[in-house]
Amino acid sequence: MTEIQALVLTSGTPALRSRPSPAPHHPDDVVVRVAATGICGTDRGIVLGEFPALDGVVLGHEAAGVVQAVGTAVTEVSPGDRVVVNPTYTCGRCRPCRRGLAAHCTAKDGREIGVDRDGTMAGAVVVPERFACPIPDTVSFRRAAVIEPLACVLTNVEAAAPRPDDRVLVVGGGPIGTLCALVFAHRGVRTVLLERDATRAALARGILPDAVEVATGSGPGIGLPAGLLPHRPDVVVDTTGVLLEEALALVAAAGTVVVMGEREHARASVPLRPLVTSGVRVIGAGPYPPRLFEAAVDLAADLPLERIVTAAFPLAAYREAFAALGAPLEPGAGAGAYTAMKVLLVSDPELAGR
Ligand SMILES: [Zn+2]
Ligand SMILES: [Zn+2]
């Protein structure tokens, strides 16, 4: 293979381009033949012009595939190995990294693939060895493509730190909210998922175990149906990222609100005295550190992550793929409705079936 296809951000719009097939440039480079890439809210934001990304960059960061070639210094993986890509590069040398706070690595800007480095919506991608994480044969590529969002979720679940008898309310039933509910349920935490969009609520119901109640919100704000919970939720995870005021009005005393969705312009006005007297914690968990990416790789063996994937399109059908996420690429079309949960862009149909 001398050329690969790649989905390149071109004057703000994705376009399929031919690129030379990549080879290792640095001794620690690993070339990964990509099976499939999940489309993330970030990718949706980029193509809608709501999230900044470098023009000319290859999009995509939630991917798994097979090692195709390695640099001279690579020792931990070999051609043919199945790997998932950790797209969040950390330097391992700055003060936060040295203090075990790699999620807040100061060298991270300019090191996020699919945003400001070439990503995975392509036939192949080059990553440093440390960020090509081996996966067992038992984890399909379809499942492995969901490991990266699972790492985001684990960071927030860890921050939520529910007590054994807590009741958790997850607000927003997109892939992240649904994965949150899946992880809480896996840990035996009583969980309710609220999703306004009837299509997504129905998809979430089909994915989650019966132990998770999926409710369709109504009315302003969070819209928790009256009588759904016997008492206020002890933990509220707001995956919409815009409902902090409502979450604070709802959460039980001594409870926790996790602000999860990343919304560039979201603001909140918070009455401070109730925050003090009720002992409520408000937490932004931040990006995942490498240790929680590894935890996600490990947990993927036990969780049916592939259920989140409700649609898959070949790379060339990227327009249909984004349209399924309410992000039509026609100029001036604006945001539309979701008809899918997690959508995969398949780089290699033969690999993606394995
Ligand atoms: Zn993502
Ligand atoms: Zn660092």
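Whatever order the structure lists them in is the order used to number ligands and atoms, beginning at 1. Just so it is clear, the structure is predicted and the values come from calculations on it, not from any experiment.
Electrostatic pairing of R291 and E158 counts as a salt bridge here, judged by a charged N lying under 4.0 Å from a carboxylate O. No salt bridge links R190 with D166; every basic N to acidic carboxylate O contact stays at or beyond 4.0 Å.
More than 12 heavy atoms of other residues, nucleotides or ligands sit less than 6.0 Å from atom CD of E320.
Rounded to 10°, the angle formed at the Zn ion (ligand 2) by C97 SG and C94 SG is 110°. The Zn ion (ligand 2) forms the vertex of an angle spanning SG of C91 and SG of C105; to the nearest 10 degrees it equals 100°.
The Zn ion (ligand 1) has H61 among its coordinating residues (N/O/S atom, backbone or side chain, under 2.8 Å). For residue E62, an N/O/S atom approaches the Zn ion (ligand 1) to within less than 2.8 Å.
Y89 does not carry R117 over the face of its six-membered ring by the limits of under 6.0 Å from the centre and within 45° of the normal.
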